[in-house]
Amino acid sequence: MTNYIDLHTHSTASDGIYSPTDLLQHAHEAGLRVLALTDHDTTAGLDEASEAALHLGVDLIPGIEINTDVGKDEIHILGYYLEYQRPEFQHILQVLRDARVRRGQRMVELLNQQGIHITWERVRQIAQGAVGRPHVARALVEAGYAQSIGEAFDKYIGRGCPGYVPHYKLAPVGAIRLIRSASGLPVMAHPIGLPGLDELRKWLPELVAEGLVGLETYYGPYTPEEVQELHELADQYHLIPTGGTDFHGPGIHPTPLGGRFVPFEAVERLKAEAEKLAGSTPPPFELPPPVEEK
Ligand code: AMP
Ligand code: ZN
Ligand code: FE
Ligand code: FE
């Protein structure tokens, strides 16, 4: 089966390995017709990606991924068809990225205190855009503290590891409102890995009431049974079953770019929702009071 659609990818604007142009080139070579670029907390790759997509005849959906925390649950919200140039939207993204920088610095300090010698300067060089743990992981691999990115997460910077530091994040409802304030369509990413099926069931009613429109059902490594389970939940809540690979670069996540079948209907339904919103004034977004960073 040939796959034509991938709605979850990352570039060097956040923690992907390929530049937006190279990502589009690889997508084109893989036979993709529709690609969403969904970098963490940034839309900085979208102009370049749109330009490359235009040349290659790929339909680029302007997207984003916003990681959120609430209690012990972690939920990632994707946003599609964003009017991303809105200044208020860009301002909030800057606040989120600034929190990532402070957190990255603290992670390096914490690792240094444990005798692990990587520098913030090097992490910042590796991260060309929004900084994240994968950049710290690459610095750890480069300095010989781990053989692979996966090992760096497992040993040092995964949740609960000695070098892990949380950062200021919106709550899931905040991420949905932020995306809606840019006329975008909020979709819950990889629901089985994070937050997990039980947590998903707990959260869905509230998130749907806030304007969630989709559930990432056809995600990278999900089995047919998992896809079916998510599809049933999506139908129950009138959500669009979307999908993608979460491609970050070769060998980082198990699924290659475009390596997961996503039905055309997902794009058709997202497009129809985006068209309904076109021309209407989106609801304003107010940043919740800052949460103390631990
Ligand atoms: P951050 O947003 O800085 O906390 O980093 C989270 C990102 O790290 C996720 O979105 C994934 O892209 C990546 N990540 C998390 N765990 C792993 C892992 N075990 N191996 C590779 N990448 C990971
Ligand atoms: Zn990532
Ligand atoms: Fe994610
Ligand atoms: Fe992702």
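Counting starts at 1 for both ligands and their atoms, in listed order.
Nearest N/O/S atom of His76 with respect to the Fe ion (ligand 3) is recorded as ND1. When you scan the N, O or S atoms of His10 for the one nearest the Fe ion (ligand 4), you land on NE2.
Ring-plane geometry between Tyr145 and Tyr156 is classed as perpendicular, the angle between the planes exceeding 60 degrees on a 0 to 90 degree scale with a lower cut at 30.
Look at His190 and the Fe ion (ligand 4): no N/O/S atom of the residue is under 2.8 Å from the metal. The Fe ion (ligand 4) lies under 2.8 Å from an N, O or S atom belonging to His8.
An angle of 170° is found at the Fe ion (ligand 4) between Asp246 atom OD1 and Glu65 atom OE1, rounded to 10°.
Side chain to side chain, Gln25 and Glu29 meet the donor-acceptor criterion of an N or O pair below 3.5 Å. Under 3.5 Å, the side chains of His231 and Tyr218 contain a donor-acceptor pair of N or O atoms. Under 3.5 Å, the side chains of Asp15 and His135 contain no donor-acceptor pair of N or O atoms. For the residue pair Gln236/Glu232, the side-chain donor-acceptor check at 3.5 Å is not satisfied. At a cut-off of 3.5 Å, with distance as the only test, no side-chain donor of Arg102 or Gln105 sits close to an acceptor on the other residue.
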Could you pull out every N or O of ligand 1 that sits under 3.5 Å from a protein N or O, with the distance for each pair?
unit_1   : atom_1 : unit_2 : atom_2 : d
ligand 1 : 2 (O)  : Asn67  : ND2    : 3.1
ligand 1 : 2 (O)  : Arg100 : NH1    : 3.3
ligand 1 : 2 (O)  : Arg100 : NH2    : 2.9
ligand 1 : 3 (O)  : Arg100 : NH1    : 3.1
ligand 1 : 3 (O)  : Arg103 : NH1    : 2.9
ligand 1 : 3 (O)  : Arg133 : N      : 2.8
ligand 1 : 4 (O)  : Arg103 : NH2    : 2.8
ligand 1 : 4 (O)  : Arg133 : NE     : 2.8
ligand 1 : 4 (O)  : Arg133 : NH2    : 3.1
ligand 1 : 10 (O) : His40  : NE2    : 3.3
ligand 1 : 12 (O) : His248 : NE2    : 2.8

Subject >> Worked check of side chain to side chain contact (heavy atoms under 4.5 Å, CB included) between His76 and Glu216 >> reply: CA-CA 10 Å; His76 295 185; Glu216 197 175 45; over 6 Å; no

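Between Tyr18 and His26, the gap from one ring centroid to the other is short of 6.0 Å.
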